[in-house]
Asks: 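The following block contains the structure, expressed as structure tokens.
Remember, it's a predicted structure, so these values are computed and weren't measured experimentally.
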Amino acid sequence: MTTTAATGQRMKNPAPVTLGAMAAIEKIVAATEQGGVDDGTLALVHLQASQIDGCSFRVDLDANRAIRVGEAGTRRLSAVAAWRDAP
């Protein structure tokens, strides 16, 4: 386990070592993409989830995805980090 001041103890990501976890996660992600939510909002939701998970690799991927789908330079992209205080 690793410890950070902001989050306390954190476990390593169990998905890569848990049999079937990655396939299940990929199915969940695919299902979210079929739900009718616009690409920008969905990218921001995935970005927030990655921030909560503390996965810097996914944060980078999801931020780039948000930019690709048109969230570059928007208030919404900037507000993800401070979502509790955002309008």
Side-chain angles (χ1 to χ4, degrees):
M1 268 191 221
T2 59
T3 302
T4 64
T7 60
Q9 287 190 334
R10 304 224 14 128
M11 62 184 268
K12 299 269 186 214
N13 184 352
V17 295
T18 305
L19 186 62
M22 286 306 294
I25 291 168
E26 290 170 359
K27 286 181 183 179
I28 290 170
V29 171
T32 64
E33 293 171 350
Q34 302 301 316
V37 177
D38 73 87
D39 290 341
T41 299
L42 191 57
L44 297 176
V45 169
H46 285 280
L47 175 58
Q48 180 63 40
S50 295
Q51 289 175 332
I52 291 168
D53 289 345
C55 181
S56 61
F57 176 76
R58 288 296 318 183
V59 166
D60 185 53
L61 287 179
D62 293 332
N64 286 329
R65 177 183 179 191
I67 291 166
R68 270 195 322 276
V69 299
E71 291 295 336
T74 68
R75 287 181 60 198
R76 290 169 22 125
L77 181 58
S78 300
V80 171
W83 64 273
R84 285 185 178 96
D85 300 318

Asks: Taking ILVMFWY side chains as joined if any heavy atoms are under 4.5 angstrom apart, and letting links pass through other members, which residues group with Phe57?
Replies: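 Phe57 shares its hydrophobic cluster with Leu61.
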
Asks: Could you tell me which non-hydrogen atom of Ala43 sits nearest to which non-hydrogen atom of Val69, and how far apart they are?
Replies: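 Nearest heavy atoms, Ala43 then Val69: CB-CG2, 4.0 Å.
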
Asks: Under the side chain to side chain contact (heavy atoms under 4.5 Å, CB included) rule, what do Asp39 and Arg68 come out as? Steps first, then yes or no, please.
Replies: CA-CA 10 Å; Asp39 290 341; Arg68 270 195 322 276; over 6 Å; no

Asks: Working to the nearest 0.5 Å, report the span between CZ of Arg58 and NE2 of His46.
Replies: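 Output value for this atom pair is 8.0 Å.
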
Asks: Do any N or O atoms from the side chain of Thr41 and from the backbone of Asp38 form a donor-acceptor pair under 3.5 angstrom?
Replies: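 Not a single qualifying donor-acceptor pair exists.
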
Asks: Does the salt bridge (charged side-chain N to carboxylate O under 4.0 Å, His left out) test come out yes or no for Arg65 and Glu33, once each step is laid out?
Replies: CA-CA 13 Å; Arg65 177 183 179 191; Glu33 293 171 350; 3.4 Å; yes

Asks: Heavy atoms only: give me the nearest Asp62-Leu47 pair and the separation to one decimal.
Replies: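 Closest heavy-atom pair between Asp62 and Leu47: CB-CA, 3.6 Å.
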
Asks: Any donor and acceptor pair, going by atom type alone, linking the side chain of Asn64 with main-chain N or O of Asp60 inside 3.5 Å?
Replies: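 Yes, because the side chain of Asn64 sits within donor-acceptor range (under 3.5 Å) of the backbone of Asp60.
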
Asks: Do Ile67 and Leu77 have side-chain heavy atoms sitting under 4.5 Å apart?
Replies: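 When only atoms from C-beta onward are counted, Leu77 and Ile67 do touch, with a gap below 4.5 Å.
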
Asks: For residues Leu42 and Thr32, determine if any side-chain heavy atom of one lies less than 4.5 Å from a side-chain heavy atom of the other.
Replies: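 Yes, at least one pair of side-chain atoms sits under 4.5 Å.
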
Asks: I need the Glu71 CD to Ser78 OG distance, nearest 0.5 Å.
Replies: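 If we round to the nearest 0.5 Å, Glu71:CD and Ser78:OG are 10.0 Å apart.
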
